[in-house]
Amino acid sequence: MEQKIENMNENKNSPIARRKFLRVLGTAVAGGSVLAISGGLFSKAKGSEVSHYWQIDPQKCTQCGRCETDCVLQVSAVKCIHANKVCGYCDLCGGYYRSNVKELNTAAENLMCPTGAIQRKFVEDPYFEYTIDESLCNGCGKCVKGCSSFGNGSLYLQIKRDLCKDCNECAIATVCPSDAITRVSLDKPYKLKDE
Amino acid sequence: MMNKIVLICLFLLQIGQGVAQNRFPKPDFESGYKYPEIHYAVANENLLVTIDILLLVALMGIVAWAVIRKRTRKPIIWVSVISVAYFGFFRHGCVCSIGSIQNISLALVDSTYVLPFSVLLFFILPILFAFLFGRVFCAGVCPFGALQELIHIKSYTLPRTLSIILGMIPWIYLIFALLYAITRTSFIVCHFDPFVGFFRLGGDIGMILFGAVLLVLALFVGRPFCRYICPYGALLSLFSSVSIWKIRLTDKSCINCELCHNACPVDAIRAPYINKVNESRQRGVKRLLNYFVLLPLMILCGAFLMRLISNELSRSHKDVRLYEMVVQHEANPGEALSVELDAFYGQGGDIKELAVKAEKIQADFNFYATIAGILIGLVIGITLIELSVKRTRKLYEIDHAACIACARCFSYCPQYKIGNESGNKPL
């Protein structure tokens, strides 16, 4: 028996030689797979000029309010955007006032926006211009809901590219009930309503 | 007659919907009011992405040079600082190599998925470097590793049993990450990212707490995230174990002083071991063969169990959950609509279409979860087999799969110092 073991050690099939062989084989397999994966994927990969960025489709958005709460940022990168060219410039604005308010004045209890981000400016009788103060907007979408139910739908939510962290997977997209958040290509960086 | 009324009603409804977007006409301004011009900022992402890739290659190159050629640790500390500052705090850690696993796997199965070139490079370059020089990416180029590297004070060794059990987690995590990515359920690696909250100075409080626990652990245990969680590290260890250029402590002979072993924070240096079990070779081979018979059993077990729970798993997919909600709602329609159902019915929800979708996802889960089960069985089986293979080691040896190229050991090696002082530079 002992002799046999000795024989084995002297043999070129000794465990040491075999381990070495396996290691070389492993290296070859690893190198081959690196080449195969990169080769296979390079044909699939698109250049960075068609990189995609997260945007909301305003037509699909249901203003559920998750954009405010589910963004990875403390204050959401989703902001309300106002399409002036769609707006009716109404005095009684569904996005500005809450429904069933007693008096139409700018007291906070009458206003839809919880942070006072919507500013209103008199243009001419009977038209008012509405603008969004982006630094105050938290993307809750309350005004959007009001505007789309009682108005032209000129207020809408959109992900601001300069604020968005461009997460690998958008945290809001994973909870969006209407799958409104998808990636769009760089040549059309914003999904806007007034274009 | 009834039919006609219904038709007219439907027609009127459609008109109503069409008008809904323009209830109020465009105002005719008489005061010469002009619509404000609004431009939205679009950052030049291409430039930053190019810098990312160049820096990635440069930093990995520096680490490779430091550990293979110079055998010194100082550059690695600087690389770590740069990585934490740039990839971490400046770029907020997205997209990272760890997360890119999911994009790559999704691109492999789904041809409609657009894989950006930069993501591919983030995935393949560290693997290429691991294949050439070992895990130089882990050393300090990865911002997560760098963060743990910089705060590490003292290395306490975990019990071997615990370390081996925890060591299986990255593999299982990797398998689940692939399963969830391929089925388009979610990117769990990104979702359960413990450190990104620090880099962004805010985020999910649960994950930040988890990250804080890991960081406190990292003070006393080397790289808890890299060793026991990171799925990309597991992938890299495959390539680094067969890498072309390997890290060597010294060109002179080892004197078995144990210093490098004590210095290693990740237990990557194996102590000499004398195999006292006097087993005849044939018996050993037989034992190993038995294990290889056992391995398919474990694989079958894993596949069976995962298939069993695949329907449960598929419920983490949004569409399957929605389908269940719809079915429940159809059963008792009186209940108030949830946000999801509201959106579904608001878009004119087609239940049949949703059912087909949900069934397809469940079928996908059935198939891919079975494969995942096979892989899990394989991971556990191979770990057990590895445990039972006891080889005699005469000297301290580096385990290249576990070595994260932090270069702590070099300065501890007395042989290396002698070589340096007498002017014999290594290599």
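Source: prediction; values computed, not measured.
Contacts between B:Gln347 and chain A at a heavy-atom distance below 4.5 Å involve the side chain alone, from C-beta outward. Residue B:Phe344: no heavy atom, backbone or side chain, is found under 4.5 Å from chain A. Looking at A:Cys147, the atoms closer than 4.5 Å to chain B (heavy atoms on both sides) all sit in the backbone: N, CA, C or O. In this structure, the portion of B:Leu201 lying under 4.5 Å from any heavy atom of chain A is its backbone and not its side chain. Both the backbone and the side chain of B:Pro27 come within contact range of chain A, each with at least one heavy atom under 4.5 Å from a heavy atom of that chain. Looking at B:Phe123, the atoms closer than 4.5 Å to chain A (heavy atoms on both sides) all sit in the side chain, from C-beta outward. Contact of B:Asp28 with chain A is made through the backbone alone, with heavy-atom distances under 4.5 Å. With a threshold of 4.5 angstrom between heavy atoms, A:Cys90 approaches chain B through side-chain atoms but not through N, CA, C or O.
Distance SG/A:Cys87 to NZ/B:Lys26: 11.0 Å, rounded to 0.5 Å. Here A:Leu41 contributes atom CG and B:Asn103 contributes atom CG; the two are 11.0 Å apart, rounded to the nearest 0.5 Å. Rounding to the nearest 0.5 Å places CG of B:Asp193 at 10.5 Å from CG of A:Asn168. The structure places CD1 of A:Ile37 at 10.0 Å from CG of B:Leu120, a figure rounded to the nearest 0.5 Å.
A:Arg23 places no side-chain N or O within donor-acceptor distance of the main-chain N or O of B:Ser241, the cut-off being under 3.5 Å. Put simply, the side chain of B:Lys318 gets close to the backbone of A:Cys176: a donor and an acceptor are under 3.5 Å apart. With hydrogens and angles disregarded, a donor-acceptor distance shorter than 3.5 Å links the side chain of B:Arg23 to the backbone of A:Ser149. In this structure, the side chain of A:Glu124 engages the main chain of B:Ser31 through a donor-acceptor pair within 3.5 Å.
Closest approach of B:Phe187 to A:Glu169, counting heavy atoms only: N-OE1, 2.9 Å. The nearest pair of heavy atoms linking A:Phe150 to B:Phe24 is O-CE1, 3.2 Å.
Residues passing the salt bridge (charged side-chain N to carboxylate O under 4.0 Å, His left out) test with A:Asp57: none are found, sequence neighbours excluded.
For a heavy-atom cut-off of 4.5 Å, chain B lies close to no residue in residues 114-121 of chain A. Taking non-hydrogen atoms and a 4.5 Å limit, the residue list of residues 27-36 of chain A in contact with chain B, ordered by number, reads A:Thr27, A:Ala30, A:Gly31, A:Ser33, A:Val34. For a heavy-atom cut-off of 4.5 Å, chain B lies close to A:Tyr127, A:Glu129 in residues 126-143 of chain A.
A heavy-atom distance below 4.5 Å is found between the side chains of A:Asp179 and B:Asp319. In this structure the side chain of B:Pro36 reaches within 4.5 angstrom of the side chain of A:Asn84, judged on heavy atoms. Contact annotation: the side chain of A:Val72 approaches that of B:Arg200 to within less than 4.5 Å [non-hydrogen atoms, C-beta and beyond].
Note: B:Ser186 leads B:Cys190, B:Ser186, B:Gly346 in heavy-atom pairs under 4.5 Å with chain A. Here A:Arg66 is the residue among A:Arg66, A:His82, A:Gln74, A:Gln158 with the most heavy-atom pairs under 4.5 Å with chain B.
Few gaps surround OH on B:Tyr35; more than 12 heavy atoms of other groups in view lie less than 6.0 Å from it.
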Please determine whether side-chain contact (heavy atoms from CB on, under 4.5 Å) holds for the pair A:Arg183 and B:Val114, giving the CA-CA distance in whole Å, both sets of side-chain angles, and the decisive distance to 0.1 Å. CA-CA 9 Å; A:Arg183 283 185 182 266; B:Val114 180; over 6 Å; no
